Every structure is written in C-alpha cells, then in structure tokens.
Amino acid sequence: MNTKSNTTAAPSFDEWRRSKTALTRLECDLLLGLVTNLSRTQIVINADQLLDCAQLQHLQTLEHAISQGTPIAYLLGEKEFFGLNFNVNSAVLVPRPETELLVELALERITTGDKLLDAGTGSGAIAVAIAAKRPDVDVDASDNSALALEVARGNADKHGARVSFHQSDWFAVLQGRRWHLIVSNPPYIAADDPHLAELSAEPESALVAADRGIAALAHIIDQSPNFLYEKGWLLLEHGYDQAESVRGLMADRGFTGIKSVVDLGNIERVTLGQWYE
Ligand code: GLN
C-alpha cells in the first residue's frame, strides 16, 4: 500500500492550509474550525491532525461558495465587530471594520440618559455595540427589513443589549419621537458602481441608493432635524467620495459643527453635525 498517496488524499490541517494561497491564514483557520467543530486554538495545536473525506468535501463546497463571492462571514454565520461576535446571514450586510469609527464617534458624544437611534440597523451591529457598552443609554434601532430585524434582535439577545427595534422605512413609523443622537450606515453605493460586483451576495437594499448613491443619506439629513433634540447629533457613514456632498447637504439643512472623520484607511468615512433649532 502506498502511504504517500494516502497522505495526499488526507492532508493535515497544516498541509491543507499551506495549499490555499487564495485564503489568509485566519480564513483557513475559520473554515477548518467550521468543518471540524474545533476552536481556533485546537486547530493551531492540532496542526498535524488529518482531515477526513467528509471534512475535505465540506471545505471544497465552502471554497466554491467563496470563489462565487459568498462572504466567509455568511458561511460561518458570524462576524466580529467592535469586539463582539455578531450573527449574520444573507438578509444583512456583513459589519465592516470601518463602521467601528461610527460607533466610537457616537460613544464620544453620549451621556447617561441619552436616547440614540440607529436608522437602518441591519445586523444591529452599531446599535448593539453601543447598547452593550452603554447600558445607561436608551437605544432604538430601525430597519425596513423584517428579516434583518430578526437577525438584529438575535444579536441584542446574544449580547444582553437593551435595544428597542422598529420596522420602519427610515423615519416613517417614528413620527413624534426625538433622540439626542441619530446614527446611520445607510446604503450609499451608486447602482452603476463597478465595486458592487464583489458585493453580489449581500442585500442590494443595504448597499445601493438612488441618485448616484446619495439618496438615503440626503433623506436622513433632510428628515433627522424633525427627530433630534436641540443640540442633538447626526452621525453618518458614507462612501469614500461622498464626504463633501454630505457636508454640503448638512450645511444646507442648517446643521452646525459639521466635520468629516477619516477611517483607518485615511478615507473620510463619517460626517457629523449638531442640530440647533
Ligand atoms: N462600506 C460598504 C462597502 O463599500 C458599503 C456599506 C453601505 O453601503 N452602507 O463595502
């Protein structure tokens, strides 16, 4: 019997990992963890353990899905954001690291007893991260998608975060309410942006906005003064080339103290302003 061909048929964790040049080490370990049901530490410690046939087949299916554009987070069913593990599925955008900037800027402006709204919450990442960190703040979160709200509610429960959820087309069902902070990571990509091809597995309604990607941002800027307390803050994530437009829209609407803040990639990613009646 030829032991060499056996080895080829059943690679060790480490051998499999080294053969995957298109995946990062972390991605390999996450996939190995998924097919073996082992923790990341166990994967590292047992680098010489052999993969069985079913596990290899499972890995092949996962690699195929990734090559077709499925985010690894959907395959794993989770994604880390702001130090917390969020459940995700194809009903919600995968939380992005740059959105942590929005959370940080909101946390800098929050005080005890404040009310905060996350409009278009998706997986709930922003609202839950803030509510988990600041249980002394009242957090509301809205989304138009019932499926997204299901994911977001699950994430609030998972992290013991107190968040009130509302199914709403932006502010539609929130008339009469007021908040000290309104934060949003709305869809902001133009329908003809070539970058969208890489995001085909994620919900289009969470990514694409009319008017070259600015429509949702413009709607929130226009409406939010009706829902902000005096001196309340509006904080918006936007695309890499939208900061100037967003600052202009906020200035035209009467916001003050408007500024844009760069993300880790040195791109103006969040613009904020304060509302004085
Ligand atoms: N930042 C995301 C991306 O470019 C888009 C998120 C959004 O449209 N709100 O991949």
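Order of appearance sets the numbers: ligands from 1, and atoms from 1 within every ligand. Worth knowing before you read on, the calculation uses all heavy atoms, side chains too, and leaves out hydrogens, waters and symmetry mates. Fair warning: this is a prediction, and the values are worked out from it, not measured in the lab.
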(request) Considering only NZ, NE, NH1 and NH2 on the basic side and carboxylate oxygens on the acidic side, decide whether E27 and R40 come within less than 4.0 Å. (result) no

(request) Have a look at L236 and tell me which of L272, I221, V270, I182 forms a side chain to side chain contact (heavy atoms under 4.5 Å, CB included) with it. (result) I221

(message) So that I can tick it off, tell me whether R17 and D29 are bridged by a salt bridge, with the cut-off set at under 4.0 angstrom between side-chain N and carboxylate O.
(response) yes

Under 3.5 Å, N/O to N/O: give me all the pairs between ligand 1 and the protein, one per line with atom names and distance.
from, atom 1, to, atom 2, distance (Å)
ligand 1, 1 (N), Y188, OH, 2.8
ligand 1, 4 (O), H195, NE2, 3.4
ligand 1, 8 (O), Y188, N, 3.4
ligand 1, 9 (N), N185, OD1, 2.8
ligand 1, 9 (N), P186, O, 2.7
ligand 1, 10 (O), R96, NE, 3.2
ligand 1, 10 (O), R96, NH2, 2.9

(request) Could you tell me whether R212 and D193 make a salt bridge, using a distance below 4.0 angstrom between a side-chain N and a carboxylate O? (result) no

(message) For the aromatic rings, using the six-membered ring if either is Trp, is the centroid distance between Y188 and H238 under 6.0 Å?
(response) no

(request) Classify the angle between the aromatic ring planes of F171 and F227 as parallel (below 30°), tilted (30 to 60°) or perpendicular (above 60°). (result) parallel

